[in-house]
Amino acid sequence: NPAEVSELASERLRSRDKKIEGTVALRHLLKAWDSLRPGLAGKRIVVFLDYDGTLVPIAPTPAQARTPARTRNVLRRLAREPGVSVAVVSGRSLKDVRKKVGLDSVTCAGNHGLELRGPGLRFSYPLPKRVSAALLDILRRLNGIRSDIPGIIIENKIYSLSFHYRLVKSADLRRMRERFRKAVSPHVRLGRVVLKSGKKVYEVRPPVSWNKGRIALWFLSRLRKGKSPVLPIYIGDDLTDEDAFRALKGKGITVFVGSPGARRTAAVYYLRSPAEVLKTLKKLTDS
């Protein structure tokens, strides 16, 4: 029966849509702002921000990313607001992200939350010696690949390694991936490291159950308890931000930066670009 087939197909589509968190029901944060504004009143606001692709546009190389003066000024104003805390949670090293942000009033977490420093707060995840040794061995192997294939950028972040290949020529990608897997796989099989992928980057990380979601919850638990309820707002574009979106589900406002439907996301709202993120931060300073 064609009608039954059509209804079955429709049901399957509805079921699929329900499984893809956020990709169907995402709401544009700026368009929804007037309806959200009353809910901010009387709350302790905690703003979590990824750095690359969220606070600033993604640059050709990590070193080329800069925090514009206007963005830094808005962050400064926001961090000074009574009842507002600001934290930048990045895959960069803590030293690097603190330098990029350039504000002591803003808490910074590096290595996807493995290290953190802010006003009155410090955190450092203890790495087992076997993991540190594995990272050093992988770094040596990856440096050998970099010397043979142009365009590779390697970040040694002590707690992790980032292998950027945005500038590698298409003709070299297959050979690069084969050599990368050969360098990392032995340590992955032994459980000494785990491998994650991002936007034109491979991340070699310690095999620990700690991520951006865990550090966000840790940070929230350390806030001074007061009469005002806490409302976290987490804004990020990276796959690693999904851990935070899931951890904060039902607890606050979660915002994916990018085109709605670009990927599966646990976020509830979206913003299209760092420019729209800046507009949102400006609105928070006026709330």
Main chain of R214, side chain of N211: is a donor-acceptor contact present, judged purely on distance under 3.5 Å?
yes

Can you run down the side chain to side chain donor-acceptor pair (under 3.5 Å) pairs that involve residues 151-160, sequence neighbours left out, and say none if there aren't any?
N111-S160, S124-Y159, E155-H164, K157-S162, K157-E203

Counting only N and O atoms by type, is there a donor-acceptor contact under 3.5 Å from the side chain of T54 to the main-chain atoms of D237?
yes

Judged by atom type as modelled, is there a donor-acceptor pair below 3.5 Å linking the side chain of R72 to the main-chain atoms of V101?
yes

Should the pair R175-D172 be classified as a salt bridge under the 4.0 Å nitrogen-to-oxygen rule?
yes

Would you call the rings of Y125 and W210 parallel, tilted or perpendicular, where under 30° means parallel and over 60° means perpendicular?
tilted

For the aromatic rings, using the six-membered ring if either is Trp, is the centroid distance between F180 and Y165 under 6.0 Å?
no

Do the side-chain N and O atoms of R76 and N73 include a donor-acceptor pair separated by under 3.5 angstrom?
yes

For residues 183-193, pull every pair meeting salt bridge (Lys or Arg N to Asp or Glu O under 4.0 Å), keeping only residues two or more places apart or in separate chains.
none

Checking the side chain of Q64 only, and the main-chain atoms of A59 only, is there a donor and an acceptor separated by less than 3.5 Å?
no

Between E178 and R174, does any NZ, NE, NH1 or NH2 come within less than 4.0 Å of an OD or OE carboxylate oxygen?
yes

Residue pairs passing the salt bridge (Lys or Arg N to Asp or Glu O under 4.0 Å) test where at least one lies in residues 131-154, sequence neighbours excluded
D137-R140, D137-R141, D148-R179

Please tell me whether T61 and R166 have a donor and an acceptor in their side chains that are separated by less than 3.5 angstrom.
no

Lys/Arg-Asp/Glu bridge criterion (N-O < 4.0 Å) met for K199, D52
no

Please determine whether a side-chain nitrogen of the Lys or Arg among K212 and D50 lies less than 4.0 Å from a carboxylate oxygen of the Asp or Glu.
yes

Centroid-centroid under 6.0 Å between H28 and Y270 rings:
yes

Would you say that more than 12 heavy atoms from the other residues, nucleotides or ligands in this model lie under 6.0 Å from the NZ of K43, or not?
yes

